Amino acid sequence: MLRFGLCCIFRKEPIKFRRTTAKYLQAFHRNQQLKYLAEICLHNAHSLNKALRYCRDHDIKDFRINSQILPLKTHPDMGYSMEELPFHDQIIQTFKDCGRFCRKHDIRTTFHPDQFILLSSPSSEVIQRSVADLIYQAEVAGWVNADVINIHGGGAYGNKRESLRRLRKGIEQLPEAVRSRLTLENDDRVYAPKDLLPVCRDMGIPLVYDVHHHRCLSDGSSVEATTEMVVGTWSREPLFHLSSPRDGWDSGKPGSHHDYIDADDFPGCWTNLDITVEVEAKAKELAVFKLKQDLIDRAKRIN
DNA sequence: AGCGGTCAAGTTGAT
DNA sequence: ATCAACTTGACCGCT
């Protein structure tokens, strides 16, 4: 069975996650900063709860959690530990409620730290900050029962092989809470599936296959062959990403995401797999509904 | 109420 | 050498 996933936010449904900036917080005293941050964290925990209920009610069985759900958690100036936050017990309990809810209703949750989280950087400071952020996300992942923390390979820094070697070293130093959830994803600029598969195989790290990225940055392998190789890196349900280009394949930047998914972009070889497909489309939950319906319609036409 | 400027982080590649 | 793009909304603050 295919499990479709929604990424982080909603287009129509009024469920919002709050954020703040370090610049805004600068003006406050530390205890005021912590109070403001705690309010946002609790709000976001409640929003996650609502988001998961929405998913259950609408048969969406996977939800990607925004990595800023605890905003500025590891920021050099504004960062904080949970113990520092007022009513942190309540915040953590609310996240744990989310975890119980997901277990009960078989909803998968994932994290996707953003582009600044890099384990292949030549800068040890960058790696250190990245590891700290991964540890924070693993902490939340533990509460909510998320089984994936998915990152990209990062930059090439002029030498891909050397960078991949640093990536391996970076992975080796991760604590178990991160490593047991860590996945690598092929990107659309530097690292194609073929670059990452050896790392994944050697280190027991699953590969998240983004077929749109693969179409942007080919490595000579077909979608079918790559799908098969990628499935082999998973000892649990594989996770794939899908999106459609906003301005078609021939525009200057095919990497931009469309509001919806063109059902023709859904690989036929995925149809009968037991996989999670996270839908990366700007119309969010509406795009998930439309894709499911379009695939049903397509199947009817073929039969 | 509406709107414009702004936002932690790193790297690449266009100019 | 510089700076936008990546992706992208949500927030503050001003009108």
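What you are looking at is a predicted structure, and each value in this text was computed from that prediction instead of being measured. Lettering of chains follows the sequences in order, A, B, ..., and the numbering in each one begins at 1.
- A donor atom on one side chain and an acceptor atom on the other are not found under 3.5 Å apart for Asp188(A) and His212(A).
- Every residue two or more places apart in sequence or in another chain that forms a ring-ring contact (aromatic ring centres under 6.0 Å, His included) with Phe266(A) is listed here: Trp270(A).
- Spacing between dT12(B) and dT7(C) at atom C1', rounded to whole Å, works out to 16 Å.
- The stretch residues 111-120 of chain A touches DNA chain B through Asp114(A), Gln115(A), Phe116(A), Leu118(A), each having a heavy atom within less than 4.0 Å of the strand.
- In this structure, CG of Asn66(A) is placed 15 Å from P of dT7(C), rounded to the nearest angstrom.
- You'll find that the side chain of Ser121(A) is closest to dG10(B), out of dT7(C), dG10(B), dT8(C).
- Contacts classified as side-chain hydrogen bond (donor to acceptor under 3.5 Å, both in side chains) and involving residues 9-28 of chain A (residues at least two apart or in different chains) are given here: Arg11(A)-Asp259(A).
- Applying the side-chain hydrogen bond (donor to acceptor under 3.5 Å, both in side chains) test to pairs two or more places apart or on separate chains, those with a residue in residues 136-156 of chain A are Arg103(A)-Asn145(A), Arg108(A)-Asp147(A), Asp133(A)-Gln137(A), Asp147(A)-Arg236(A), Asn150(A)-Thr183(A), Asn150(A)-Glu185(A).
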Taking N or O atoms only and anything under 3.5 Å, show me the protein contacts with nucleotides 3-6 of chain B, one pair per line.
none

Short heteroatom pairs, N/O only, protein and nucleotides 11-15 of chain C, under 3.5 Å:
unit_1, atom_1, unit_2, atom_2, d
dC12(C), OP1, Tyr36(A), OH, 2.5

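- Where DNA chain C pairs in unbroken runs of 3 or more (Watson-Crick or G-U, both distances under 3.5 Å), the stems are B:1-7 with C:9-15, B:10-15 with C:1-6.
- The side-chain hydrogen bond (donor to acceptor under 3.5 Å, both in side chains) test applied to Glu125(A) returns Ser123(A), not counting sequence neighbours.
- Cluster partners of Val126(A) are Leu118(A), Tyr157(A), counting Ile, Leu, Val, Met, Phe, Trp and Tyr whose side-chain heavy atoms approach within less than 4.5 Å, directly or via other members.
- Annotation: side-chain hydrogen bond (donor to acceptor under 3.5 Å, both in side chains) contacts of Asp202(A) (sequence neighbours excluded): Arg168(A).
- Leu37(A) and Met82(A) end up in the same hydrophobic cluster when Ile, Leu, Val, Met, Phe, Trp and Tyr side chains are linked at under 4.5 Å.
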Are any protein N/O atoms closer than 3.5 Å to N/O atoms in nucleotides 12-15 of chain B? If there are, list each pair with its distance.
unit_1, atom_1, unit_2, atom_2, d
dT12(B), OP1, Ala156(A), N, 2.7
dT12(B), OP1, Tyr157(A), N, 2.6
dT12(B), O4', Arg189(A), NH2, 3.4

Compile the donor-acceptor pairs under 3.5 Å between side chains in residues 52-59 of chain A and protein atoms, sequence neighbours left out, one pair per line.
unit_1, atom_1, unit_2, atom_2, d
Arg53(A), NE, Asn49(A), OD1, 2.9
Arg53(A), NH2, Asn49(A), OD1, 3.3
His58(A), ND1, Tyr54(A), O, 2.8

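- Taking every side-chain heavy atom of Asp133(A) into account, dA9(B) is the closest of dG9(C), dA9(B), dT11(B).
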